[in-house]
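Working notes, structure below.
Predicted model only: the values in this text are computed from it and were never measured.
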Amino acid sequence: MSCGKVIPHTPLAVDFWQVRKCTGARLFFLSHMHSDHTAGLSSTWSDRPIYCSPITASLLRLKLQVKEKWIHPLELGEPHLLPLDDIGKETLTVTLIDANHCPGAVMFLFEGYFGTILYTGDFRYTPSMLREPCFQTNTAIDVLYLDDTNCDPNRTLPTRQRATQQIKEIIRSHPHHAVVIGLYALGKESLLLELALEFKTWVEVSVERMETLRALELPDVFTTEPGAGRIRAVKQWEICSAALREWNREQPTLAILPTSRPLVSFHPDVYVVPFSDHSSYQELEDFVAALRPASVVPLLASHLPGGLAALLPSRKRHEVLVPESVRNYMLGQPEQRRLDSSACARLHRRHVQQLPPRGVIFDSPGQACSPDAVRSDCLQLLEEEMNTDSSEDDSDCILVDFSKNISPDRSRKAAGDPWRLDIIRTASDETVSEFGQLSHSSSSCVEMKNSTTTKRPFESEAQMKAVRQNGHRPPRSHSSPSDGDNVSQHRGVGQNDPEEESSSSSERRRSRLEQLEIGLLKNLPFSKEDMNPRGLLPRSFVLRHPLTPQSKTTSVIVFS
């Protein structure tokens with residue numbers, strides 16, 4: 001699911017980069033640089049302008065390497081006039097407001113023939129936002145696109161100031177410990193800065209994060225020198241039991257995860273602090289009650305909770321009439337994309353190998369990504385898991401996300417094993433490789449079935465019964481007839497028929513395939529209980545079973 005939106009009845013798109021799905025969009029806006037808001041945006045972007053804050057513009061050049069000609073930074077707090085057609089008849093006014101989320105994150109206030117639209121993107125509400133000049137003019141909001149990441153009436157979140165004080169107390173209570181803080185690639189830089197000033201220490205970061213921090217022009221409290229400071233910032237997924245054991249070998253270490261996700265730590269050295277860059281439900285109520293928009297569109301959910309919907313006034317939004325010039329602008333094509341037939345033919349004849357676009361590098365907490373991004377992340381995670389050489393102890397579960405519905409097997413829970421990992425008997429790589437080669441070379445489709453056995457020509461029912469009982473076919477007797485023997489009776493000795501050779505080769509392949517099938521199926525001890533549904537495991541519960549370099553077998557792992 002994309003976190004962006006195409007504004008209906010307008011040529012505007014915010015955080016939405018799938019051009020083929022928004023052919024009428026001509027002006028694109030980027031609220032901030034988290035990956036779920038840049039999915040589809042890459043270095044190959046062209047033909048349409050991107051409007052964003054100056055900080056986001058710097059990160060857009062640095063990280064995604066979008067061409068300079070398409071990036072249009074706009075200063076915050078000032079109204080900017082933008083054209084809505086190609087003849088200068090219709091315009092809109094857009095004002096950028098600090099979203100209090102991550103560096104460069106902004107809200108967009110659009111004003112035009114469509115009325116007044118406020119697009120929050122990801123934001124953390126504070127009452128000071130209402131003192132912005134654009135809100136002081138008593139402007140009525142017709143549509144509010146609202147960040148509903150934490151829109152749960154049953155959850156409360158402290159302010160970031162209180163969460164920061166909690167982190168400071170944890171560090172003070174461990175005066176002789178090094179501190180590791182798990183963060184996303186962008187966000188919470190102000191927390192690191194405040195901790196550095198409070199404890200008068202350098203904050204150690206990776207070279208990649210240092211590149212981002214320099215682009216943000218933050219105070220000089222960060223270093224890439226190992227061991228130079230007491231506090232070290234790492235990616236969230238780097239905090240695991242194996243890493244903690246390694247860190248504690250060098251010196252006592254504690255890990256802190258500042259996040260709004262409902263995580264519970266089961267490790268004595270890992271602390272989860274509810275530090276959120278998204279508004280709590282109570283803050284969303286205060287924000288909606290203060291603005292009183294005519295309608296609210298949640299950015300993630302399909303509908304609003306009843307408590308927020310009850311805050312909306314009874315007034316209705318006026319019908320939007322799209323001016324003819326804007327309608328023509330949305331239906332037309334930019335001049336630089338118009339190609340005559342000869343140019344199109346030349347492009348079709350050419351085979352140009354395009355460079356792969358730069359991927360998205362910033363993650364956003366607690367939000368869903370587009371399906372393409374999810375598939376890409378899964379493939380990357382699978383590749384990393386396949387290439388990782390570690391023990392099973394390295395994947396110990398130290399965090400549980402209670403926002404997920406997990407239903408372990410009650411009968412196994414009593415035995416102290418809430419999740420069972422069945423390691424099935426292994427088949428050698430040589431067998432699997434041989435089976436694959438035979439399958440590809442065979443001209444017929446082979447189905448692996450345990451309950452049926454294919455009967456060969458001239459094979460008696462007694463032989464078939466023996467095959468089912470023993471799992472393999474008895475060797476053929478020299479005196480028993482075969483198709484090859486029958487055919488040879490009608491041909492002269494020494495006469496080689498191509499059809500006979502092909503048939504014999506195909507028969508040998510089939511025979512070998514059937515033997516391999518039976519051998520593999522005998523090693524799969526499935527039972528009826530194993531087929532019962534057990535529910536889905538969250539990604540944090542998936543235990544790795546990597547192959548060691550010395551292993552020559554392929555393991556089949558089944559969760560039940």
Side-chain angles (χ1 to χ4, degrees), residues 32-34 53-56 58-59 62 76 98-106 122-129 157-236 238-239 244 247 250-260 265 269-280 283 362-363 365:
H32 64 289
M33 277 289 291
H34 278 156
S53 68
I55 292 178
T56 299
S58 298
L59 296 175
L62 175 66
L76 277 64
D98 187 357
N100 193 32
H101 176 65
C102 72
V106 294
D122 291 350
F123 85 120
R124 182 78 193 256
Y125 169 71
T126 61
S128 61
M129 289 179 176
L157 290 171
T159 63
R160 288 192 294 195
Q161 289 74 17
R162 289 183 58 188
T164 301
Q165 288 302 319
Q166 184 178 348
I167 293 174
K168 290 179 180 179
E169 290 301 322
I170 294 173
I171 297 176
R172 288 194 190 99
S173 63
H174 298 78
H176 304 296
H177 282 65
V179 180
V180 175
I181 300 182
L183 303 174
Y184 291 96
L186 180 69
K188 299 182 176 64
E189 287 79 9
S190 59
L191 170 64
L192 296 178
L193 179 60
E194 191 165 346
L195 294 178
L197 298 177
E198 175 74 18
F199 296 100
K200 297 179 174 56
T201 178
W202 291 97
V203 176
E204 181 187 336
V205 297
S206 65
V207 175
E208 181 183 5
R209 191 183 294 271
M210 178 63 82
E211 187 181 45
T212 301
L213 294 170
R214 285 173 179 158
L216 299 177
E217 299 180 355
L218 294 177
D220 186 18
V221 298
F222 302 98
T223 180
T224 58
E225 182 182 350
R230 182 186 175 192
I231 298 174
R232 179 165 72 254
V234 301
K235 295 179 180 178
Q236 277 196 2
E238 293 183 45
I239 296 179
L244 283 165
W247 295 333
E250 300 176 2
Q251 67 178 113
T253 303
L254 63 90
I256 298 175
L257 285 171
T259 177
S260 62
S265 172
D269 295 330
V270 177
Y271 295 82
V272 179
V273 179
F275 187 110
S276 180
D277 288 326
H278 297 266
S279 304
S280 65
E283 291 166 344
F362 291 136
D363 297 318

Practice prompt. Report yes if some heavy atom in the side chain of Arg160 is under 4.5 Å from a heavy atom in the side chain of Pro258; otherwise report no.
Written response: no
Item to complete: Please round to the nearest 0.5 Å and tell me the distance separating atom CD of Glu194 and atom CD of Gln165.
Response: 7.0 Å
Discussion item. Which residue in the set Lys188, His101, His34, Arg124 passes side-chain hydrogen bond (donor to acceptor under 3.5 Å, both in side chains) when paired with Asp277?
Written reply: Lys188
Worksheet item: Between CZ of Phe199 and CZ of Arg172, what distance do you get to the nearest 0.5 Å?
Response: 5.0 Å
Fill in: Flag, side chain of Thr56 to backbone of Met33, donor-acceptor distance under 3.5 Å
no
Worksheet item: For the atom pair CG (Leu192) and CD (Glu189), what is the distance rounded to the nearest 0.5 Å?
Response: 7.0 Å
Worksheet entry | Any Phe123 side-chain heavy atom under 4.5 Å of Met129 side chain | yes
Discussion item. Quick check against the 3.5 Å criterion: does Arg230 have a side-chain atom that pairs as donor or acceptor with the backbone of His177?
Written reply: yes
Worksheet item: Which is it for Glu198 and Ile171 under the side chain to side chain contact (heavy atoms under 4.5 Å, CB included) test, yes or no, and what are the steps along the way?
Response: CA-CA 11 Å; Glu198 175 74 18; Ile171 297 176; over 6 Å; no
Discussion item. As a test of understanding, state which of Ile256, Ile181, Val179 forms a side chain to side chain contact (heavy atoms under 4.5 Å, CB included) with Leu195.
Written reply: Ile181
Discussion item. Given 3.5 Å as the limit, does a donor-acceptor pair link the side chain of Ser265 with the main chain of Val270, or not?
Written reply: yes
Worksheet item: Looking only at heavy atoms, what is the nearest atom pair of Val273 and Ala163, with distance?
Response: CG1-O, 3.7 Å
Practice prompt. Would you check if the side chain of Ser58 reaches a backbone N or O of Ala215 as a donor-acceptor pair within less than 3.5 Å?
Written response: no
Item to complete: Locate the shortest heavy-atom distance separating Thr201 from Gly229; write the atom from each residue and the value.
Response: OG1-CA, 3.5 Å
Item to complete: I would like to know whether Leu254 and Trp247 meet side chain to side chain contact (heavy atoms under 4.5 Å, CB included); could you show each step before the answer?
Response: CA-CA 9 Å; Leu254 63 90; Trp247 295 333; over 6 Å; no
Fill in: Pairing of Arg232 and Glu238 as salt bridge, 4.0 angstrom limit
no
Fill in: Heavy-atom closest pair, residues Cys102 and His32
SG-CD2, 3.8 Å
Practice prompt. Show your reasoning for whether side chain to side chain contact (heavy atoms under 4.5 Å, CB included) applies to Leu191 and Thr164.
Written response: CA-CA 7 Å; Leu191 170 64; Thr164 301; 3.9 Å; yes
Practice prompt. For Ser53 and Gly104, indicate whether the former's side chain and the latter's backbone hold a donor-acceptor pair under 3.5 Å.
Written response: yes
Fill in: Spacing of CG belonging to Leu216 relative to CG belonging to Leu186, to within rounding of 0.5 Å
6.5 Å
Worksheet item: Roughly how far, to the nearest 0.5 Å, is CG of Leu218 from CE of Met210?
Response: 10.5 Å
Item to complete: To the nearest 0.5 angstrom, please state how far the CZ atom of Phe275 sits from the CG atom of Leu183.
Response: 9.0 Å
Worksheet item: Shortest non-hydrogen contact from Ile170 to Ser173?
Response: O-OG, 2.7 Å
Item to complete: Evaluate side chain to side chain contact (heavy atoms under 4.5 Å, CB included) for Glu225 paired with Trp202, printing each intermediate quantity in order.
Response: CA-CA 10 Å; Glu225 182 182 350; Trp202 291 97; over 6 Å; no
Worksheet entry | Glu169 atom CD, neighbour heavy-atom count above 12 within 6.0 Å | yes
Discussion item. Would you say that Leu193 contacts Val203 through its side chain, given a criterion of any heavy-atom pair below 4.5 Å between the two side chains?
Written reply: no
